[in-house]
There are 2 protein chains.
Amino acid sequence: MKISAQSYYGLKAVTFLAKESRVFSVKEIADGERIPYDYLEKIMQKLTRAGLVTSKRGSAGGYSLKRPSSKITAKDILTALDEAILPILCVMSNKSRSYCIMEKTCLSKNVWQRMQKAINYSLNSITLADLVYVNPKKSKR
Amino acid sequence: MKISAQSYYGLKAVTFLAKESRVFSVKEIADGERIPYDYLEKIMQKLTRAGLVTSKRGSAGGYSLKRPSSKITAKDILTALDEAILPILCVMSNKSRSYCIMEKTCLSKNVWQRMQKAINYSLNSITLADLVYVNPKKSKR
DNA sequence: ATTAAATCGGACTTAATAAATCCGATTTTT
DNA sequence: AAAAATCGGATTTATTAAGTCCGATTTAAT
């Protein structure tokens with residue numbers, strides 16, 4: 001199993017935005033979070049299309065969160081970028097890839113389903129606000 | 001995110017073994033679960049080295065579970081095959097890949113950690129016995 | 001008006017690695 | 001001795017993610 005760089009970068013970018021509610025250019029984010037500029041550009045566009053951030057074009061343009069950080073979950077970000085959190089043939093809704101013939105009798109499928117549920121539950125419960133307004137005992141920087 | 005074919009096949013193979021406690025050849029498993037023979041051979045060897053199945057060489061040889069199916073978890077299988085359930089740089093114990101410089105201040109790291117926990121908890125709670133002796137009424141969810 | 005600084009979209013290239021295959025050696029049963 | 005297995009290492013192939021590039025468009029500031 002593996003988390004894509006897109007999710008990894010994307011979540012970083014979006015928490016960066018969540019720290020201050022203003023417009024940030026891709027350059028600012030890329031520098032701040034050390035993400036390859038061109039790649040991040042693509043990621044931000046994806047997030048825009050998914051309705052999670054808004055873009056402002058032209059000079060002095062950039063990106064900002066579309067909703068308050070408390071209304072955006074980690075799950076929102078990851079599904080926007082990776083489209084399937086757990087792309088296992090028999091669990092996926094999108095059956096684009098080779099379809100499992102044994103689906104009906106497959107015992108191990110239960111594992112993927114339960115795992116899927118656990119992941120969804122976990123990710124749905126984390127908002128960007130949770131990440132940014134972190135427990136102050138830990139650090140105040 | 002993605003589950004490797006190895007985990008996918010491996011779990012299938014091992015649930016296959018769990019259904020009957022005798023020795024199965026790779027050929028039997030491969031045919032039964034429709035897994036590429038040569039590839040499955042490798043997977044079984046990995047599981048053997050991990051101490052989850054035992055192999056018997058020579059004619060009439062094959063593989064069987066090393067422990068009772070109630071003592072082997074889905075987590076056991078997946079970690080044996082994929083070595084890291086969630087290979088995210090900042091969460092991985094093995095820092096072989098490019099190391100995250102911002103580890104200390106990284107906010108999004110919390111997501112990966114929580115997710116990791118949720119996955120581990122889920123997978124640890126599923127034994128092969130659970131999968132094989134499935135509740136006939138399917139009321140247990 | 002012109003220029004500079006952005007996003008946008010699509011095409012392309014590169015790199016990584018998973019997936020699959022192949023082969024010869026060894027072990028064990030019949 | 002032959003047949004049926006596992007074993008282990010090397011190799012090949014395929015997939016796709018990751019990253020790059022370029023030209024078009026939009027917008028703000030000078």
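Below, chain A is the first sequence line, B the second, and so on; all start at residue 1.
A:Ile126 places a side-chain heavy atom less than 4.5 Å from the side chain of A:Leu131. At least one side-chain heavy atom of B:Trp112 sits under 4.5 Å from a side-chain heavy atom of A:Leu11. Side-chain contact between A:Arg22 and A:Leu17 is absent, with no heavy atoms from C-beta onward closer than 4.5 Å.
Atom CG of B:Asp38 and atom C1' of D:dG9 are 13 Å apart (whole Å). In this entry the distance linking CG of A:Leu17 with P of C:dT7 reads 11 Å, nearest Å. As a whole-Å value, the separation of B:Lys27 NZ from D:dC7 C1' is 19 Å. When rounded to the nearest whole Å, the span between NZ of A:Lys42 and P of C:dC8 equals 10 Å. One interatomic measurement links the two molecules: CZ of B:Arg34 to P of C:dA19, which rounds to 20 Å at whole-angstrom precision. In this structure, B:Arg22 atom CZ and D:dA5 atom P are separated by 11 Å, rounded to whole Å. Put simply, CD1 on A:Ile3 is 14 Å from C1' on D:dA17, counting in whole angstrom units. Distance CD1 (B:Ile43) to P (C:dA19): 8 Å, rounded to an integer number of Å.
Side-chain atoms of B:Glu41 lie closest to D:dT6 of the nucleotides D:dA28, D:dT6, D:dA4. With distances taken from any side-chain atom of B:Ser55 to the nucleotides D:dA4, C:dA19, D:dC7, the minimum falls on D:dC7. With C:dT29, C:dT7, D:dT6 as the choices, the nucleotide that has an atom nearest any side-chain atom of B:Lys56 turns out to be C:dT29. In the set D:dT20, C:dA6, C:dT27, D:dT20 carries the atom at the smallest distance from any side-chain atom of A:Tyr39. Listed candidates were C:dA11, D:dA28, D:dA18. Nearest to the side chain of A:Ser4 is D:dA18. Considering only side-chain atoms of A:Pro36, the nucleotide from C:dA20, D:dG19, D:dC7 that sits closest is D:dG19.
In the model, A:Gln6 has no side-chain atom that pairs as donor or acceptor with a side-chain atom of A:Lys42 under 3.5 Å.
Between A:Ser7 and A:Arg57, the residue whose closest nucleotide on DNA chain D is further toward the 5' end is A:Ser7. Residue-to-nucleotide proximity on DNA chain D shows that, of A:Leu40 and A:Ser59, the 5′-proximal contact is made by A:Leu40.
Within 4.0 Å of B:Tyr63, counting heavy atoms only, lie sugar-phosphate atoms of the nucleic acid but no base atom.
Taking 4.0 Å as the cut-off between side-chain N and carboxylate O, B:Asp76 and B:Arg67 count as a salt-bridged pair.
An OP1 or OP2 oxygen of C:dA20 is reached within less than 4.0 angstrom by a side-chain nitrogen or oxygen of B:Tyr9.
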